[in-house]
**Student:** 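I'd like to ask you about the structure that follows.
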Amino acid sequence: MLPFKLVYSDDYYLPIGSHVFPAEKYKCIYDRLLASGVAAPSDFVSPHPATDEDVLLVHTPQYVHKLKTGTLTAMEELELEVPYSPELVRAFWLAAGGSALAADHALNDGVGISIGGGFHHAFPGHGEGFCVINDVAVAIRCMQRDDKIRTAMTFDCDVHQGNGTATIFSGTRASSDQQSSGWGSVLNPNHPARRRSAHDEDVFTISLHQLNNYPAFKPPSSLDLNLPDGIGDADYLACVGDALSLGLNKLKPDLICYLAGADPYCEDQLGGLSLTIEGLKERDAIVYRTAKAAGIPVMVTLAGGYAMKLEDTITIHCNTVVAAKEVFGGKD
Ligand SMILES: [Zn+2]
């Protein structure tokens with residue numbers, strides 16, 4: 001039995017048909033975790049969908065209304081890059097509820113993992129890049145509303161920049177705090193890492209992503225690491241450690257929300273970095289070890305993963321659970 005909970009539902013499945021986003025991955029991960037003995041049925045908890053009230057903590061009433069009534073414009077639906085349906089909306093409400101539940105369990109157990117979520121391209125008033133609503137942002141705002149946390153840090157390791165998350169939480173910071181940092185310039189002299197100061201009840205957003213990739217416009221996170229094409233395990237892992245210590249120097253949050261994207265993988269169809277499966281697992285372990293050493297609970301969502309072979313995406317996501325088991329302990 002694991003010393004932490006895995007949040008999962010068969011209804012995490014996204015009804016998007018044949019698509020580069022492998023919507024069946026959630027069920028495959030669940031099945032593999034059980035079949036391999038990494039997890040037992042009792043390690044899983046089922047989420048409830050977020051309420052509309054929860055979603056409205058992040059998203060505009062107009063956008064929520066359009067989603068609930070199927071009245072997105074053609075352009076808005078195109079921007080989602082997944083076909084709209086009421087079932088799709090229900091799956092995203094469930095993903096948000098799942099992330100909130102994982103956060104709740106993280107406060108108890110040190111870590112809580114949702115076998116879903118990480119839809120970081122959703123903005124307050126629109127969705128894009130396969131992301132309808134921003135489940136992580138909704139979870140954070142719910143936890144703050146319910147007085148379970150005051151501050152949070154998002155640590156986004158999807159290969160694509162967390163543009164929605166950056167935008168959602170940018171309003172809680174004074175823009176005059178923005179400063180350029182010499183740090184990061186080693187990797188990209190033209191695009192130095194950017195960071196801002198944190199405030200009470202703030203959310204500090206960190207994104208490690210490939211610079212030359214979607215989204216073309218990257219609204220500033222609290223700290224952005226613009227990684228060059230083709231970066232491999234050693235350089236990437238050094239960045240992970242540096243970004244975490246830089247971030248934790250700025251703010252010691254009540255909760256870290258880790259987006260464990262599988263798409264920095266060298267064989268990803270939508271990514272241009274060169275991490276190995278082992279490197280990605282070590283990345284997860286670094287995040288867990290750092291959070292554990294700092295005494296900060298970490299909530300985990302999966303985010304993207306588009307490996308040429310679906311099996312590889314499943315392995316990378318399963319390893320996110322295996323690494324947690326190794327760091328946080330667990331009896332077989
Ligand atoms: Zn991605």
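Whatever order the structure lists ligands and atoms in, that order sets their numbers, starting from 1. This is a predicted model, so every value here is computed, not measured.
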**Student:** Tell me which N, O or S atom from His160 is the closest to the Zn ion (ligand 1).
**Tutor:** ND1

**Student:** Nearest N/O/S atom of Asp158 with respect to the Zn ion (ligand 1), by atom name, please.
**Tutor:** OD1

**Student:** Kindly give the heavy-atom pair with the smallest separation between Pro219 and Thr167, and that separation in Å.
**Tutor:**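 Heavy atoms of Pro219 and Thr167 come nearest at CG-OG1, 3.4 Å.
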
**Student:** Between Tyr8 and Tyr30, how do the two ring planes meet: parallel, tilted or perpendicular, split at 30° and 60°?
**Tutor:**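 Rings of Tyr8 and Tyr30: parallel, under 30°.
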
**Student:** Tell me which N, O or S atom from Asp263 is the closest to the Zn ion (ligand 1).
**Tutor:** OD2

**Student:** Without swapping roles, check the side chain of His59 against the backbone of Phe123 for a donor-acceptor pair under 3.5 Å.
**Tutor:**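 Side chain of His59 to backbone of Phe123, a donor-acceptor pair under 3.5 Å: yes, one is there.
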
**Student:** Between Cys131 and His121, what is the shortest heavy-atom contact and its length?
**Tutor:**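 Answer, listing the atom of Cys131 first, then His121: SG-N, 3.5 Å.
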
